[in-house]
K.L.:
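Below you will find the structure I want to go over with you.
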Amino acid sequence: MYSTLQRLNHISSLATTYVMILLGLISIASFLSLPSVDVGKVEIKDLIVQKGRLRRWGARHEELASLKFDIRTDLNPLLNSYNTKQLFIYLTASYEEQSTGHTHDVVLWDRIIQRAEIRDIRAEAKNKYQWRNPSGTFKNVEYANMTLHYSLMPYVGILSSGLAATAQGPVTIPELIKR
């Protein structure tokens, strides 16, 4: 005859197995039914390059770029899923230095959207993070491509990411404003 503890152990292990199988099926189903997102647009309103200093000890003067932008995109399909916990969106600038040939991807702005929050993203904002070139100058950079990416974080399952919005074309980097 089995003791009470052995019976409880058997029931809890059986329940744990069934819960894990259920979570696995939810994960597979949500991965196979990922919704598609219509690509929105990012409009750059103002881009300025000026001399400045980063907020850290011993930082030298270098060229810093700041911008104002407008984002219009619809993320309803992603937020309507039963398995969506939150959505992380971020704006990146991709550019290439002509002198070295190095390609840089820089995150300029980000935001976390909870499931119960707004659905349509209409943001008029400026860059949240300092945009500086590793060489210290933007002389060798002609243009940058601005894109808005998303990362979908589900309750259960695999993280997924994609493209939410893009600028209409490459954004030209202006000359340095001298003070």
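FYI, side chains are in, hydrogens and waters are out, and symmetry mates aren't considered; it's all heavy atoms of this structure.
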K.L.:
Is it the case that the side chains of Thr92 and His149 hold a donor-acceptor pair, with the cut-off being a distance below 3.5 Å and no angle test?
P.N.:
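The criterion, which ignores hydrogens and geometry beyond distance, is satisfied for Thr92 and His149.
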K.L.:
Could you tell me whether a side-chain N or O of Ser27 sits under 3.5 Å from a main-chain N or O of Val156, the two making a donor and an acceptor?
P.N.:
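Side chain of Ser27 to backbone of Val156, a donor-acceptor pair under 3.5 Å: no, none is there.
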K.L.:
Measuring only between side-chain heavy atoms, which start at C-beta, is Phe69 closer than 4.5 Å to Met146?
P.N.:
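With C-beta onward as the side chain, the pair stays apart.
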K.L.:
Quick one: closest heavy-atom pair of Pro154 and Ile158, and the distance?
P.N.:
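Smallest interatomic distance, heavy atoms only, reads CG-O, 3.6 Å.
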K.L.:
Going by the ring pair (Phe, Tyr, Trp, His ring centres under 6.0 Å) test, which pairs reach into residues 6-35, not counting sequence neighbours?
P.N.:
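Sorted pair list comes back empty.
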K.L.:
Any side-chain heavy atom of Leu91 within less than 4.5 Å of one from Thr147?
P.N.:
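Side-chain contact under 4.5 Å: no.
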K.L.:
Within the structure provided, determine whether Trp109 and Ile89 are in side-chain contact (heavy-atom separation under 4.5 Å).
P.N.:
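Side chain of Trp109 against side chain of Ile89, heavy atoms only: contact under 4.5 Å found.
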K.L.:
Please report the shortest heavy-atom distance between Thr84 and Tyr155, naming the atom on each side.
P.N.:
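In terms of heavy atoms, the two residues are closest at O-CE1, 3.3 Å.
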K.L.:
Quick one: OG1 on Thr100 to CD on Gln98, what's the gap to the nearest 0.5 Å?
P.N.:
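Atom-to-atom, Thr100:OG1 and Gln98:CD are 9.0 Å apart.
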K.L.:
Just wondering, do Leu67 and Leu108 contact through their side chains at under 4.5 Å, heavy atoms?
P.N.:
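In contact.
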K.L.:
If you define the side chain from C-beta out and look only at heavy atoms, does anything of Thr73 sit under 4.5 Å from Tyr150?
P.N.:
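No, too far: nothing below the 4.5 Å cut-off.
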K.L.:
Just jot down the side-chain hydrogen bond (donor to acceptor under 3.5 Å, both in side chains) partners of Gln130, sequence neighbours excluded, or say none.
P.N.:
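For Gln130 there are no side-chain hydrogen bond (donor to acceptor under 3.5 Å, both in side chains) partners, ignoring immediate neighbours.
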K.L.:
To the nearest 0.5 Å, what is the distance between OG1 on Thr4 and CZ on Arg7?
P.N.:
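Between atom OG1 of Thr4 and atom CZ of Arg7 there are 6.5 Å.
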K.L.:
Would you mind reporting whether Asn133 and His104 have side-chain heavy atoms less than 4.5 Å apart?
P.N.:
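His104 vs Asn133: side chains touch.
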K.L.:
Which pair of non-hydrogen atoms, one from Arg60 and one from Ser135, has the smallest distance, and what is that distance?
P.N.:
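For Arg60 and Ser135, the tightest heavy-atom pair comes out as NH2-O, 4.3 Å.
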K.L.:
Is there any side-chain hydrogen bond (donor to acceptor under 3.5 Å, both in side chains) pair reaching into residues 136-145, and which pairs are they, with sequence neighbours excluded?
P.N.:
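side-chain hydrogen bond (donor to acceptor under 3.5 Å, both in side chains) check on residues 136-145 returns Glu63-Thr137, Ser99-Asn140.
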K.L.:
Have Ser66 and Asn127 got a donor and an acceptor in their side chains that come within less than 3.5 Å?
P.N.:
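There is no such pair between these side chains.
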K.L.:
Check this for me, if you would: do Glu62 and Lys51 make a salt bridge, where the nitrogen-to-carboxylate-oxygen distance has to be below 4.0 angstrom?
P.N.:
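Here Glu62 does not pair with Lys51 in a salt bridge, since their nearest N and O are not under 4.0 Å apart.
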K.L.:
Please list, chain by chain and in numerical order, all residues satisfying side-chain hydrogen bond (donor to acceptor under 3.5 Å, both in side chains) with Ser30, sequence neighbours excluded.
P.N.:
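Result, side-chain hydrogen bond (donor to acceptor under 3.5 Å, both in side chains) vs Ser30: Asn83.
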K.L.:
Out of curiosity, Leu159 CG to Leu152 CG, how far, rounded to the nearest 0.5 Å?
P.N.:
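One gets 8.0 Å once the value is rounded to the nearest 0.5 Å.
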K.L.:
Hydrophobic clusters here meaning ILVMFWY residues chained together by side-chain heavy-atom distances under 4.5 Å, can you tell me if Val37 and Leu32 are in one?
P.N.:
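Yes.
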K.L.:
Restricting to side-chain hydrogen bond (donor to acceptor under 3.5 Å, both in side chains), what partner residues turn up for Ser151, sequence neighbours left out?
P.N.:
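Ser151 satisfies side-chain hydrogen bond (donor to acceptor under 3.5 Å, both in side chains) with no other residue.
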K.L.:
Scan for side-chain hydrogen bond (donor to acceptor under 3.5 Å, both in side chains) pairs involving residues 34-49, sequence neighbours excluded, and state none if there are none.
P.N.:
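Residue pairs passing side-chain hydrogen bond (donor to acceptor under 3.5 Å, both in side chains), neighbours aside: none found.
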K.L.:
Please write out which residues are connected to Ile21 in a hydrophobic cluster, directly or through intermediates, given that two of Ile, Leu, Val, Met, Phe, Trp, Tyr count as joined at side-chain heavy-atom separations below 4.5 angstrom.
P.N.:
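So far as hydrophobic clustering goes, Ile21 is joined with Leu25.
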K.L.:
Under 3.5 Å, which donor-acceptor pairs do the side chains of residues 162-176 form with other protein atoms, sequence neighbours left out?
P.N.:
none

K.L.:
Mind checking what makes side-chain hydrogen bond (donor to acceptor under 3.5 Å, both in side chains) contact with Tyr129, not counting sequence neighbours?
P.N.:
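Checked Tyr129 against side-chain hydrogen bond (donor to acceptor under 3.5 Å, both in side chains); matches are Asp110.
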K.L.:
Please identify each residue that fulfils salt bridge (Lys or Arg N to Asp or Glu O under 4.0 Å) with Asp70, with sequence neighbours left out.
P.N.:
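Arg72.
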K.L.:
Supply the members, apart from Leu5, of the Ile/Leu/Val/Met/Phe/Trp/Tyr cluster built from side-chain contacts under 4.5 Å; use none for a lone residue.
P.N.:
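Via sub-4.5 Å side-chain contacts, Leu5 links to none.
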K.L.:
Lys68: which residues meet the salt bridge (Lys or Arg N to Asp or Glu O under 4.0 Å) condition with it, sequence neighbours left out?
P.N.:
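Once residues adjacent in sequence are excluded, Lys68 has no partner under the salt bridge (Lys or Arg N to Asp or Glu O under 4.0 Å) criterion.
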K.L.:
Measure the acute angle between the ring planes of Trp131 and Phe138, then classify it against the limits of 30° and 60° as parallel, tilted or perpendicular.
P.N.:
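Perpendicular.
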K.L.:
Would you say Tyr90 and Leu148 make side-chain contact, with heavy atoms under 4.5 Å?
P.N.:
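Tyr90 vs Leu148: side chains apart.
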K.L.:
Same cluster for Val106 and Ile44 if Ile/Leu/Val/Met/Phe/Trp/Tyr side chains link at under 4.5 Å?
P.N.:
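Hydrophobic grouping puts Val106 with Ile44.
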